[in-house]
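For reference, the structure is listed below as structure tokens.
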Amino acid sequence: MLEKSYDELKRNINIRENLSLLRGQIKDAEVRTQLLNIVGDGNFLVALLEHEEPKVRKNAALLLGDLGLDAAVSSLFCAYERETTLFVKSSYLTALGKLDASEYLEAFKAHRDELASKDVPENERKHISEELRELEKIITGIEGIRHHTFVGFSEAHDVLLATNKEQRSVTMAEVGELSAEVRRSVSLHPLGVLVHTKNIKAFTKLRTYREMLFPIRAKLCANPKEAAESVWNSDMPKILSESHKEDAPFYFRLEVKSRMELDKKSTFAKRFGAELEQLSGRKLVNSTQNYELEIRLIETKEGGFAAFYKLFTIPMKRFAYRKNAIAASIHPATAAMLVELAKPYLKENAQVLDPFCGVGTMLIERDIRVPARDKYGIDIFGDAIRMARENAGAAGEQIHFINRDYFDFTHDYLFDEIITNMPMRGRKMKEEMDSFYGEFFEKSAEILKTDGIVVMYSNEEGFVKKQLRLREDYRLLQEYCIREKDHFYLFVIQYKG
């Protein structure tokens with residue numbers, strides 16, 4: 001197939017189609033090596049950069065970049081400078097971005113600055129924006145970006161501590177432990193807890209919220225140009241400037257949470273990003289990498305957007321121990337919130353076991369909030385145990401991690417407490433999960449002390465409640481709805497013995 005496509009290409013048969021076919025085929029590394037051996041110095045492909053058909057020039061450029069042919073850099077750059085068809089120009093840059101084009105750095109900067117200063121007609125904006133994006137990628141790829149230092153710790157800010165709506169009160173209570181001077185005003189918000197403060201640093205140490213966001217005080221409509229204008233005319237640019245030591249540009253990532261179809265959402269995001277770049281005079285630059293700012297637009301019931309931004313320039317070390325995670329890992333903020341809810345039932349210097357410990361997050365957060373004496377983590381997945389040991393070491397925690405099936409585990413003494421994030425059902429049948437929960441309660445009765453506690457996070461409420469009905473040796477002490485939509489609950493259960 002590879003030889004056929006390239007042979008037809010050499011004989012001028014279906015040139016554009018065969019270029020596309022070759023690009024698809026060389027996603028396989030072995031096929032890519034084969035094609036590199038065939039094309040040699042790449043002169044034939046370079047010659048196609050002068051083909052009369054724009055789409056042939058575009059596909060030839062992209063193929064040269066995909067192949068990593070550094071020898072074609074000069075030809076690609078010259079083709080880019082002479083190209084007059086707008087939709088093709090960014091393709092040369094995409095290719096150059098995959099090669100060593102550092103010798104043209106100053107020329108790339110000049111092109112960027114010239115394009116950024118132009119008054120672009122509406123019908124050309126899409127292509128000019130793509131060209132600018134690719135130029136910026138090349139420039140930052142060569143130079144890197146100038147990182148910003150946040151210095152606004154003592155400035156007045158409105159801050160949203162985002163958490164799940166069912167348990168906002170947990171974060172509200174944690175905020176309440178701070179001094180009144182720190183928390184100037186506090187209120188519940190649909191997405192968490194809204195705080196006005198002149199001490200951001202105090203809030204970077206709280207553990208039960210998922211992320212810190214800054215509200216953009218503006219109503220955004222569904223028109224991308226008008227929405228971008230609302231953001232640029234808000235207080236966000238002023239706060240960015242005054243809260244950082246270094247000047248613009250700020251590289252931002254855009255996230256749009258909306259009911260729009262994927263293609264419409266993508267179009268909206270691209271247009272919004274391009275408009276914001278232009279309005280700001282590229283003090284704000286849209287980038288999918290190396291960004292220090294995330295602008296988040298969340299669709300409202302009325303059809304517009306609520307807007308927030310997140311600063312990655314604010315040092316966040318509260319979960320710095322989490323060096324490793326796997327797909328099933330619980331978010332450390334969720335683990336911290338669960339421990340906070342269960343705190344009245346936990347005792348200091350307890351002997352604690354997590355039978356499905358994963359990378360150790362539940363045990364680490366438990367010990368941070370209520371110090372335990374002996375901590376054991378068990379998991380059947382060996383890589384998770386290795387990761388858990390590294391995480392615990394980074395947290396300064398002494399935890400015994402064992403690579404074993406919980407149902408085969410034995411120990412010399414009984415435990416005061418089991419705390420765990422129960423495994424998800426995955427591909428297991430209902431009957432298998434029913435049996436699994438039955439085995440869990442049976443095994444736990446063997447290793448718990450009388451009046452021992454089980455702190456269990458699960459989305460299998462039915463199986464948990466069934467076991468509590470069947471077994472008189474367990475008693476439900478407390479139940480919390482954590483994520484109603486996904487049926488996740490925290491159960492605090494006592495083993496009566």
Side-chain angles (χ1 to χ4, degrees), residues 167 170 328-330 334-358 360-380 388 399-402 404-425 433-483 487-497:
Q167 296 299 335
V170 178
S329 295
I330 190 170
T334 301
M337 182 187 64
L338 298 176
V339 170
E340 192 66 33
L341 286 168
K343 183 175 176 288
Y345 304 94
L346 309 179
K347 66 179 184 179
E348 290 191 13
N349 298 318
Q351 293 166 317
V352 183
L353 170 71
D354 184 345
F356 313 108
C357 68
T361 309
M362 288 288 282
L363 280 171
I364 293 171
E365 288 300 322
R366 194 265 184 229
D367 197 54
I368 288 172
R369 193 66 177 102
V370 183
R373 183 171 64 190
D374 296 320
K375 292 148 287 184
Y376 283 78
I378 302 171
D379 205 286
I380 199 169
I399 302 175
H400 307 284
F401 288 106
I402 302 169
R404 187 173 299 172
D405 188 329
Y406 174 51
F407 303 114
D408 296 330
F409 174 71
T410 59
H411 201 260
D412 293 338
Y413 56 77
L414 300 177
F415 288 86
D416 298 298
E417 178 191 319
I418 289 172
I419 184 167
T420 194
N421 173 27
M422 294 292 281
M424 298 282 283
R425 183 181 301 192
M433 286 305 287
D434 188 16
S435 175
F436 171 79
Y437 271 81
E439 288 182 65
F440 171 80
F441 277 87
E442 184 67 30
K443 179 64 180 180
S444 299
E446 295 176 10
I447 65 169
L448 276 173
K449 294 178 181 177
T450 298
D451 295 330
I453 296 294
V454 178
V455 178
M456 175 196 299
Y457 184 50
S458 171
N459 69 336
E460 299 287 359
E461 180 189 16
F463 296 133
V464 175
K465 294 289 182 67
K466 177 181 177 180
Q467 291 303 315
L468 291 173
R469 287 194 305 269
L470 292 174
R471 302 188 64 111
E472 294 183 355
D473 50 350
Y474 286 97
R475 179 167 70 99
L476 180 63
L477 298 179
Q478 191 61 264
E479 173 185 347
Y480 298 96
C481 176
I482 305 301
R483 283 161 45 194
H487 308 288
F488 274 93
Y489 288 81
L490 176 68
F491 300 97
V492 181
I493 301 165
Q494 182 184 46
Y495 173 62
K496 296 187 292 184

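I493 places a side-chain heavy atom less than 4.5 Å from the side chain of V464. Residues E446 and K443 meet the side-chain proximity criterion, which asks for heavy atoms closer than 4.5 Å. Side-chain contact between I447 and H411: absent, with no pair of heavy atoms (C-beta onward) separated by less than 4.5 Å.
The closest donor-acceptor contact from the side chain of R366 to the backbone of V370 lies under 3.5 Å. At distances below 3.5 Å, not a single donor-acceptor pair connects side-chain atoms of D354 with backbone N or O atoms of G377. Judged by distance alone, the side chain of S444 and the main-chain N or O of F440 form a donor-acceptor pair under 3.5 Å.
Not counting sequence neighbours, Y489 has no partner by the side-chain hydrogen bond (donor to acceptor under 3.5 Å, both in side chains) test. Evaluation of the side chain to side chain contact (heavy atoms under 4.5 Å, CB included) rule for Q478 yields Y345, Y480, V492 as partners, not counting sequence neighbours. By the ring pair (Phe, Tyr, Trp, His ring centres under 6.0 Å) test, Y474 pairs with F441, Y495, sequence neighbours left out. Among residues two or more places apart in sequence or in another chain, the salt bridge (charged side-chain N to carboxylate O under 4.0 Å, His left out) test is passed with D416 by K347, K449. A336 meets the side chain to side chain contact (heavy atoms under 4.5 Å, CB included) test with R207, E365; sequence neighbours excluded. By the salt bridge (charged side-chain N to carboxylate O under 4.0 Å, His left out) test, K343 is found to be paired with no residue, residues two or more places apart in sequence or in another chain being considered. Remark: K496 engages no residue in a salt bridge (charged side-chain N to carboxylate O under 4.0 Å, His left out) (not counting sequence neighbours). Residues satisfying the side chain to side chain contact (heavy atoms under 4.5 Å, CB included) criterion with D374, sequence neighbours excluded, are Q351, Y376, Y413. Residues passing the side-chain hydrogen bond (donor to acceptor under 3.5 Å, both in side chains) test with N349, sequence neighbours excluded: none. Residues that satisfy the side chain to side chain contact (heavy atoms under 4.5 Å, CB included) test with A328, not counting sequence neighbours, are absent from this structure. Scored by the salt bridge (charged side-chain N to carboxylate O under 4.0 Å, His left out) test, D451 finds no partners at all (sequence neighbours excluded). Take R373 and apply the side-chain hydrogen bond (donor to acceptor under 3.5 Å, both in side chains) test, not counting sequence neighbours, and it matches no residue.
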(request) Kindly determine whether L346 and V339 satisfy side chain to side chain contact (heavy atoms under 4.5 Å, CB included), including the steps that lead there. (result) CA-CA 9 Å; L346 309 179; V339 170; 4.1 Å; yes

(request) List the steps, then state whether salt bridge (Lys or Arg N to Asp or Glu O under 4.0 Å) holds for E417 with K375. (result) CA-CA 10 Å; E417 178 191 319; K375 292 148 287 184; over 6 Å; no

(request) Determine, stepwise, if the pair H487 / E461 fulfils side chain to side chain contact (heavy atoms under 4.5 Å, CB included). (result) CA-CA 8 Å; H487 308 288; E461 180 189 16; 5.9 Å; no

(request) List the steps and the verdict of side chain to side chain contact (heavy atoms under 4.5 Å, CB included) for I482 and M337. (result) CA-CA 9 Å; I482 305 301; M337 182 187 64; 3.6 Å; yes

(message) One pair to check against side chain to side chain contact (heavy atoms under 4.5 Å, CB included): R369 and E340. What are the steps and the verdict?
(response) CA-CA 7 Å; R369 193 66 177 102; E340 192 66 33; 2.5 Å; yes

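Taken from CZ in R483 to CG in L490, the straight-line distance is 13.0 Å, to the nearest 0.5 Å. The CG atom of L363 lies 8.0 Å from the OG1 atom of T420; values are rounded to the nearest 0.5 Å. One distance of note links CZ of R469 with CG of L476; it measures 12.0 Å at 0.5 Å rounding. Considering CD1 of I364 and CD1 of I368, their distance stands at 7.0 Å, rounded to 0.5 Å. The CD1 atom of I419 sits 11.5 Å away from the CE atom of M456 when rounded to the nearest 0.5 Å. Taken to the nearest 0.5 Å, the CD1 atom of I380 stands 13.5 Å off from the CD1 atom of I402.
Between F356 and F436, the angle of the ring planes lies from 30° to 60°, which puts this pair in the tilted group.
Considering every non-hydrogen atom in both P355 and I418, the closest pair reads CD-CG2, 3.7 Å. The nearest pair of heavy atoms linking L353 to Y406 is CD2-CE1, 3.8 Å. In terms of heavy-atom proximity, G358 sits nearest to A388 at O-CB, 3.6 Å. Here the closest non-hydrogen pair linking R471 and A445 is NH2-CB, 3.8 Å. Scanning both residues, V455 and A342, for their nearest heavy atoms gives CG1-CB, 3.9 Å. Taking every heavy atom of both residues into account, T361 and A335 meet most closely at CG2-CB, 3.9 Å.
Taking the charged nitrogens against the carboxylate oxygens, K465 and E479 do have a contact shorter than 4.0 Å, which makes a salt bridge.
Here the rule is side-chain contact (heavy atoms from CB on, under 4.5 Å) with I453, and of L477, L448, V352 only L477 fits it.
S458 and Y437 are linked by a side-chain donor-acceptor pair at a separation below 3.5 angstrom, with hydrogens and angles left out of the test.
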